[in-house]
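Values reported hereafter were calculated over all heavy atoms of this structure, with side chains retained and with hydrogens, waters and symmetry mates removed.
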Amino acid sequence: MCSSDLAPPADGQPPFRLPDQVTDNANVLSVSARAAVRSATDKLYADRHIRLWVVYVESFSGQGAENWARRTRSESDLGDYDAILAVSTTDRAYAFLVPSAVRGVTAAQVDRLRRTKIEPALHSGDWGGAAVAAADGLNAPPPTSGRVFLLLALSAIAIGVVILLLVMRYRRKRRRAAAK
């Protein structure tokens, strides 16, 4: 097999089995950027047991980003706790797929992460920063506003019940005293 057999076709790279959690076939990551991405993905796995697979290619070979990422995900046998960030550097396209099985991460959070962290980094050509943002965003603790509201509501109900019981007890005592 000669080295030209290993090069991606001129029109892009078809979906393939990912050999590593960080695959840079477009050669856009510096040594320090690769280390930062690796560190962020390792931390995500250590903290939440979610694997983020990051792949950079020059082109998605004429396929849509999401279709390319889904096919690569399938070729790589990624599981329910494996997310993928696939970036085409020439096409300036990407896909960020997070399975619904990943606990504590809603579709709205993934969407917000795409719009506010990943896309700005990709827009400025910060390839490694986009992957670090994806890993850090998935590693963020789930928002607690819903839990806090529920806790406050339950506390208010409990206090209301206690006050109601005390008032009923006080009235019962007054009626007994008045009946004597």
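The structure places CZ of Arg114 at 12.0 Å from CG of Leu122, a figure rounded to the nearest 0.5 Å. Atoms NZ and CG, from Lys117 and Leu138 in turn, are 13.0 Å apart once rounded to the nearest 0.5 Å. Note that CG of Leu97 and CG of Leu52 are 10.5 Å apart. Values are rounded to the nearest 0.5 Å. Separating the CG atom in Leu78 from the CZ atom in Arg17 is a distance of 8.5 Å, to the nearest 0.5 Å. Considering CG of Asn139 and CD1 of Ile50, their distance stands at 7.5 Å, rounded to 0.5 Å.
Remark: Arg115 pairs with no residue by the salt bridge (charged side-chain N to carboxylate O under 4.0 Å, His left out) rule, at least two apart or across chains. Listed by chain and number, the residues in a side chain to side chain contact (heavy atoms under 4.5 Å, CB included) with Arg34 are Val22, Asp24, Leu29 (sequence neighbours excluded). When the side chain to side chain contact (heavy atoms under 4.5 Å, CB included) test is applied to Thr106, the partners found at least two apart in sequence or on another chain are Ala108, Gln109. Looking at residues two or more places apart in sequence or on another chain, you find a side chain to side chain donor-acceptor pair (under 3.5 Å) between Asp20 and Arg38. Applying the side chain to side chain contact (heavy atoms under 4.5 Å, CB included) rule to Ile163 yields the partners Ile159, Val167; only residues at least two apart in sequence or on another chain are considered. Considering only residues two or more places apart in sequence or on other chains, Gln63 meets the side chain to side chain contact (heavy atoms under 4.5 Å, CB included) condition with Pro15, Ser61, Asn67, Trp68, Arg71. Shown here are the side chain to side chain donor-acceptor pair (under 3.5 Å) partners of Arg176, two or more places apart in sequence or in another chain: there are none.
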Listing, residues 84-96 side-chain donor-acceptor contacts under 3.5 Å, not counting sequence neighbours, or none:
{"from": "Ser88", "atom 1": "OG", "to": "Glu58", "atom 2": "O", "distance (Å)": "2.9"}
{"from": "Ser88", "atom 1": "OG", "to": "Asp91", "atom 2": "N", "distance (Å)": "3.3"}
{"from": "Ser88", "atom 1": "OG", "to": "Asp91", "atom 2": "OD2", "distance (Å)": "3.0"}
{"from": "Thr89", "atom 1": "OG1", "to": "Val57", "atom 2": "O", "distance (Å)": "3.4"}
{"from": "Thr90", "atom 1": "OG1", "to": "Glu58", "atom 2": "O", "distance (Å)": "3.2"}
{"from": "Asp91", "atom 1": "OD2", "to": "Ser59", "atom 2": "OG", "distance (Å)": "3.1"}
{"from": "Asp91", "atom 1": "OD2", "to": "Phe60", "atom 2": "N", "distance (Å)": "3.1"}
{"from": "Tyr94", "atom 1": "OH", "to": "Glu119", "atom 2": "OE2", "distance (Å)": "2.8"}

Would you sort out whether Asn25 and Val55 count as a side-chain contact (heavy atoms from CB on, under 4.5 Å), showing the intermediate values? CA-CA 8 Å; Asn25 288 355; Val55 56; 5.6 Å; no

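Each side chain to side chain donor-acceptor pair (under 3.5 Å) pair with one or both residues in residues 152-173, not counting sequence neighbours, would appear here, but there are none. Within the structure, ring-ring contact (aromatic ring centres under 6.0 Å, His included) contacts touching residues 101-132 (residues at least two apart or in different chains) do not occur. Contacts classified as ring-ring contact (aromatic ring centres under 6.0 Å, His included) and involving residues 19-53 (residues at least two apart or in different chains) are given here: Tyr45-His49.
Counting side-chain heavy-atom gaps under 4.5 Å among Ile, Leu, Val, Met, Phe, Trp and Tyr, the cluster of Leu166 also holds Val162.
When all heavy atoms of Ala140 and Arg48 are compared, the closest pair comes out as O-NH1, 3.7 Å. Minimum interatomic distance between Ala33 and Gly128 (heavy atoms only, all atoms of both residues): CB-CA, 4.5 Å. The two atoms that bring Ala134 and Ile118 nearest to each other are CB-CD1, 3.8 Å, heavy atoms only.
Between Asp42 and Ser39, the closest side-chain pair of non-hydrogen atoms is not below 4.5 Å. Residues Asp136 and Lys43 have side chains not in contact (no heavy-atom distance under 4.5 Å, counting atoms from C-beta outward).
With Glu75 contributing its side chain and Leu18 its backbone, the two residues share no donor-acceptor pair below 3.5 Å. Under a 3.5 Å cut-off, the side chain of Ser76 and the backbone N or O of Arg73 do not form any donor-acceptor pair.
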